[in-house]
Q: 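Pasting in a structure now, in structure tokens, and then I'll have a few things to ask.
From a predicted model like this one, the values you see are computed outputs, not experimental measurements. Counting starts at 1 for both ligands and their atoms, in listed order.
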Amino acid sequence: MISITGLTKTFGETPVLDQIDLDIAEGERVVIIGPSGTGKSTLLRCLNFLDRPDAGKITIGDLTVDAARARKAEILGLRRRTGFVFQNYALFANKTAQENIMEALVTVQRLPKAEAAARAQAVLAETGLADKANSYPAALSGGQQQRVGIGRAMALNAELMLFDEPTSALDPEWVGEVLDLMRRVAEQKQTMLIVTHEMQFAREIADRILFMHSGKIVEQGTPAEIFDAPQDPRLQRFLARVSG
Ligand SMILES: Nc1ncnc2c1ncn2[C@@H]1O[C@H](COP(=O)(O)OP(=O)(O)OP(=O)(O)O)[C@@H](O)[C@H]1O
Ligand SMILES: [Mg+2]
């Protein structure tokens, strides 16, 4: 169970997250949509303190953190319970695919190296990249790099996987294989919070869709409710725009 209450973040004078409340059930797949600059990435990044929230409470499993007075050990605890998939992959250029996956297992989860290597190899097999274990990111296609990025998050066995526009930096030809891998992650009943502009994919994979606008969740519902019967005029305008 994930529970977020009163999550607030301001950059300078600009409020970016305005009292966000959100509960996510175990195994639930929640997709966030909304216009650029409304705080979608910031929401994801605040959950593991890549951005530090100003206020609010975050519960992931057995850990509850009060953002305003979070201590180092609690922040590490949130990071242990979340896997993050970045738009730009964020792989270490000087590490192989396998070493990229091992990194957090060794440094954050404190696994012995041999165990981390074995888990990385198992994940590479699951992502269809067993033969790329010793390749550096520069020798991989965009789609392969992002599959390593997803594998790195899968390897953590995290309670929550966060995806921030995982396909939007990809050439169109690589989008399909990355979405396929996300479908396989979903089949494992992994709890997922996904920001995406792939509306067809959102409709297919989401249990629930959140529409964010100006730092707030202004509407939420099933894919059918959001796409076929949107209520808020801002959501109606957004959907009209993205469907061209
Ligand atoms: N590190 C930062 N410093 C200052 N302002 C920031 C920072 N990161 C984000 N912002 C601002 O916060 C607001 C929300 O940004 P965020 O990246 O969360 O939006 P988003 O919904 O993910 O947009 P997009 O769809 O373009 O990715 C924007 O106005 C952005 O300019
Ligand atoms: Mg963003």
Side-chain angles (χ1 to χ4, degrees), residues 2 4-22 24 29-58 60 65 67-68 70 75 78-79 82-91 142 145-146 149-150 152-153 160-172 174-175 178-179 182 185 192-203 205-206 208-221 223 226-227 230 232-244:
I2 318 286
I4 299 158
T5 52
L7 195 68
T8 301
K9 173 72 182 172
T10 302
F11 283 118
E13 297 288 283
T14 320
V16 175
L17 295 181
D18 186 1
Q19 298 276 347
I20 299 279
D21 295 326
L22 174 63
I24 303 175
R29 305 192 288 263
V30 177
V31 169
I32 304 175
I33 61 172
S36 184
T38 52
K40 304 181 300 295
S41 297
T42 304
L43 172 56
L44 263 53
R45 294 169 60 83
C46 278
L47 295 183
N48 65 356
F49 279 67
L50 285 174
D51 287 330
R52 195 184 172 105
D54 300 324
K57 284 206 172 106
I58 301 168
I60 302 181
V65 175
I75 294 170
L78 290 176
R79 293 194 174 146
T82 50
F84 204 105
V85 178
F86 298 87
Q87 177 175 4
N88 63 359
Y89 332 131
L91 301 179
Q145 288 182 62
Q146 189 58 299
I150 294 172
R152 176 175 58 185
L160 174 65
M161 267 176 83
L162 302 162
F163 296 81
D164 190 7
E165 297 198 40
T167 60
S168 56
L170 293 171
D171 289 338
W174 308 124
V175 170
V178 170
L179 295 182
M182 290 175 69
V185 172
M192 301 164 87
L193 182 58
I194 305 166
V195 176
T196 185
H197 289 296
E198 298 279 339
M199 295 298 151
Q200 195 49 49
F201 178 69
R203 186 189 273 266
I205 202 164
R208 177 158 51 120
I209 297 191
L210 313 177
F211 173 65
M212 278 186 73
H213 196 284
S214 305
K216 290 189 167 75
I217 300 169
V218 300
E219 188 162 338
Q220 56 181 304
I226 292 294
F227 290 122
D232 191 287
R234 290 166 292 186
L235 173 56
Q236 292 168 354
R237 279 198 298 275
F238 172 76
L239 291 175
R241 208 164 57 238
V242 296
S243 68

Q: Measure the distance from atom 15 (O) of ligand 1 to every protein heavy atom, then report the residue, atom name and distance (to 0.1 Å) of the closest one.
A: T42 OG1, 3.8 Å
Q: Looking at every heavy atom in both V31 and A202, which two are closest together, and how far apart are they?
A: CG1-CB, 3.8 Å
Q: My understanding is that we take every heavy atom of each candidate and find the minimum distance to atom 22 (O) of ligand 1. Doing that for G34, S214, S41, G215, which one comes out nearest?
A: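 Considering heavy atoms of G34, S214, S41, G215, the nearest to atom 22 (O) of ligand 1 sits in S41.
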Q: Can an N, O or S atom be found in S41 less than 2.8 Å away from the Mg ion (ligand 2)?
A: yes
Q: Counting non-hydrogen protein atoms only, what is the nearest one to atom 25 (O) of ligand 1? Give residue, atom name and distance.
A: K40 NZ, 2.7 Å
Q: Atom 23 (O) of ligand 1: which protein heavy atom is closest, and how many Å away?
A: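 Heavy-atom neighbour on the protein nearest atom 23 (O) of ligand 1: G37 N, 2.8 Å.
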Q: Please write down residue, atom name and distance for the protein heavy atom closest to atom 1 (N) of ligand 1.
A: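 That would be F11 CE2, 3.6 Å.
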Q: Counting non-hydrogen protein atoms only, what is the nearest one to atom 26 (O) of ligand 1? Give residue, atom name and distance.
A: S36 OG, 2.5 Å
Q: Looking only at heavy atoms, which two atoms of G215 and I20 are closest? And how far apart?
A: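 Heavy atoms only, the tightest pair is O-CD1, 3.4 Å.
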Q: Could you grab the distance from atom CD1 of I60 to atom CG of L47, nearest 0.5 Å is fine?
A: 6.0 Å
Q: What are the two closest heavy atoms between I33 and K40, and how far apart are they?
A: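 Between these two residues, the closest heavy atoms are C-CD, 3.8 Å.
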Q: Protein non-hydrogen atoms only, distance under 4.0 Å: does atom 17 (O) of ligand 1 have such a neighbour?
A: yes
Q: So which heavy atom on M212 is nearest to which on T38, and how close?
A: CE-O, 3.4 Å
Q: When rounded to the nearest 0.5 angstrom, what is the spacing between CG in L44 and CD in E165?
A: 10.0 Å
Q: Examine ligand 1 and decide if any of its atoms is less than 4.0 Å from a heavy atom belonging to E165.
A: yes
Q: Could you tell me whether a side-chain N or O of T8 sits under 3.5 Å from a main-chain N or O of G6, the two making a donor and an acceptor?
A: yes
Q: Could you see which bit of V16 sits under 4.0 Å from ligand 1, with heavy atoms only: side chain, backbone, both or neither?
A: side chain
Q: Got a protein heavy atom sitting under 4.0 Å from atom 4 (C) of ligand 1?
A: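 Under the 4.0 Å cut-off, atom 4 (C) of ligand 1 does have protein heavy-atom neighbours.
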Q: Using non-hydrogen atoms of the residue, decide whether T14 is closer than 4.0 angstrom to ligand 1.
A: no
Q: For the residue pair I209 and A206, what are the closest heavy atoms and their distance?
A: CG1-CB, 3.7 Å
